[in-house]
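Remember, it's 1-based here, ligands and their atoms both numbered in the order they're listed.
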Amino acid sequence: MTSPRFDYASRLARARAAMEERGVDALLLSVGPDLPYLTGYEAMPLERLTMFAVTAEDAVLVVPQLEAPRVEPGPFETRPWGELEDPVRLVAGIVGGARSVLIGDHTWATFVLSLQEALPEARFGPAGELMASLRVRKEPAEVDLLRQAAQAADRVLARLAEVDMAARTEREVARLVAEWTVEEGHDVDTFKIVAAGPNAASPHHEPTDRVIERGDVVIVDFGGRLGGYCSDTTRTFVVGDPTPEQEEVHAVVLAAQRAAAQAVRPGAIPAEIDAAARRVIGEAGYGEYFIHRTGHGIGLEVHEHPYIIETNSQPVEPGMAFSIEPGIYLPGRFGVRIEDIVVVTDDGVEILNDSDRSLVQIG
Ligand code: ZN
Ligand code: ZN
Ligand code: ZN
């Protein structure tokens with residue numbers, strides 16, 4: 001991963017302020033995106049413990065000795081541990097008499113259990129909420145990486161619009177998408193959904209050996225990672241001429257997608273953004289076929305806060321980035337989804353994707 005360097009000292013200062021606000025004595029982060037957010041270092045998901053231990057006084061990255069050379073210096077101490085040492089005891093020694101401990105959501109249960117045994121006085125909770133409160137508003141440099149990733153995804157879609165998908169399998173198209181995701185500038189491809197014909201009625205369909213036929217609607221939803229930041233975009237294609245019903249369903253989803261994107265501005269309530277999309281689809285008579293939330297936050301993870309869902313009433317703020325991806329899924333027949341990534345700006349919204357949203361005819 002090409003990992004750009006951010007201002008880790010100020011991120012650490014914000015983490016400590018959030019700890020103090022919540023009365024937290026120690027923050028323990030291991031595998032997952034919270035650790036690189038604060039240190040620039042991503043832990044290998046292996047049986048040897050990597051753990052960043054933060055207290056009001058100390059910030060120590062406990063890391064297996066053989067992985068320590070990968071750590072770039074930052075505003076923390078690095079403590080490599082050798083094969084014969086006990087890293088859990090090391091971490092317990094650093095956080096000492098901590099009473100309130102927050103531990104990273106992705107930490108392996110085996111380490112959580114050992115740490116709980118080593119710190120019998122401490123109360124453990126998940127660090128997810130505190131870390132999300134830091135990560136949810138993106139810095140300009142993070143928005144820039146999200147924008148680059150979105151533009152790379154757009155270039156993949158433009159190339160895909162030139163492909164005759166008929167007679168290829170979903171899996172073959174998925175392989176092309178993965179290859180082009182990297183060719184167009186991502187460091188890695190993270191996922192690809194290619195769902196043709198009736199399979200397009202399943203939102204998270206896994207590509208199969210089904211041969212794509214004329215008349216199929218094909219949903220392509222994919223993403224990669226660029227400089228650590230994710231893309232996630234969906235377009236819907238049709239092989240040959242669309243039926244009037246396919247055209248109508250696509251037009252409804254496009255109108256819903258536009259309505260939701262236009263509802264985004266500082267202070268907008270996620271529930272209302274969701275409702276803007278749901279209203280359009282409901283009024284067209286397809287309400288029961290829009291079976292998921294309108295969107296999810298995106299950043300170091302492809303799904304993170306804020307979630308654009310009926311139950312979220314926390315107003316969005318400048319710097320928040322999320323997807324707008326309404327869909328209609330007609331079981332056994334076909335489906336349509338259109339997805340863009342948007343960022344809340346100081347006075348409105350920036351839509352990071354710019355590729356053709358129409359029902360593009362291929363083949
Ligand atoms: Zn999804
Ligand atoms: Zn997606
Ligand atoms: Zn998405």
Side-chain angles (χ1 to χ4, degrees), residues 33 132 135-136 138 143 145-147 149-158 160 170 173-174 176-178 180-182 184 186 188-196 199-207 217-226 228-237 250 253-254 256-258 260-261 263-264 270 273-274 276-278 281 290-310 312 316 320-329 334-344 349-357 360:
R135 285 170 44 194
V136 74
K138 270 67 183 177
V143 172
L145 288 165
L146 286 168
R147 190 183 295 115
Q151 289 170 351
D154 283 344
R155 290 193 293 273
V156 173
L157 287 163
L160 210 52
E170 291 174 341
V173 174
L176 276 183
V177 170
W180 292 349
T181 298
V182 174
E184 291 301 335
H186 293 88
V188 63
D189 91 283
T190 46
F191 74 96
K192 53 263 163 195
I193 295 168
V194 176
N199 291 341
S202 164
H204 278 175
H205 174 71
E206 284 278 335
V217 163
V218 184
I219 291 180
V220 178
D221 181 354
F222 69 102
R225 199 168 266 130
L226 189 156
Y229 286 77
C230 294
S231 64
D232 178 9
T233 305
T234 309
R235 292 291 182 264
T236 301
F237 300 88
H250 184 276
V253 172
L254 184 57
Q257 211 263 350
R258 200 166 285 159
V264 178
I273 300 169
D274 179 82
R278 217 162 286 283
I281 291 175
F290 177 17
I291 53 175
H292 55 72
R293 62 196 174 198
T294 291
H296 54 82
I298 189 166
L300 290 169
E301 285 176 289
V302 69
H303 286 190
E304 58 180 49
H305 289 281
Y307 292 99
I308 309 304
I309 189 168
E310 240 175 292
N312 186 356
V316 300
M320 290 189 180
F322 46 87
S323 70
I324 300 284
E325 53 175 307
I328 293 176
Y329 309 94
F334 70 97
V336 172
R337 177 166 68 257
I338 302 169
E339 173 178 27
D340 288 325
I341 302 303
V342 306
V343 179
V344 185
V349 60
E350 179 186 349
I351 299 170
L352 300 187
N353 296 97
D354 192 29
S355 53
D356 193 351
R357 294 176 191 84
V360 173

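- The closest side-chain donor-acceptor pair between D232 and S323, if any, does not fall under 3.5 angstrom.
- Side chain of E325 to backbone of R337: no donor-acceptor contact under 3.5 angstrom is found.
- At least one N, O or S atom of H296, from either the backbone or the side chain, sits less than 2.8 Å from the Zn ion (ligand 3).
- The closest side-chain donor-acceptor pair between S231 and H186 falls under 3.5 angstrom.
- Among the backbone and side-chain atoms of D232, an N/O/S atom is found under 2.8 Å from the Zn ion (ligand 3).
- Shortest distance from the Zn ion (ligand 2) to E339 is reached at OE1 (N/O/S atoms only).
- The pair R155-D354 does not meet the salt-bridge criterion, since no charged nitrogen lies less than 4.0 angstrom from a carboxylate oxygen.
- Taking 2.8 Å as the criterion, E325 does not count as a coordinating residue of the Zn ion (ligand 2), since none of its N, O or S atoms falls below it.
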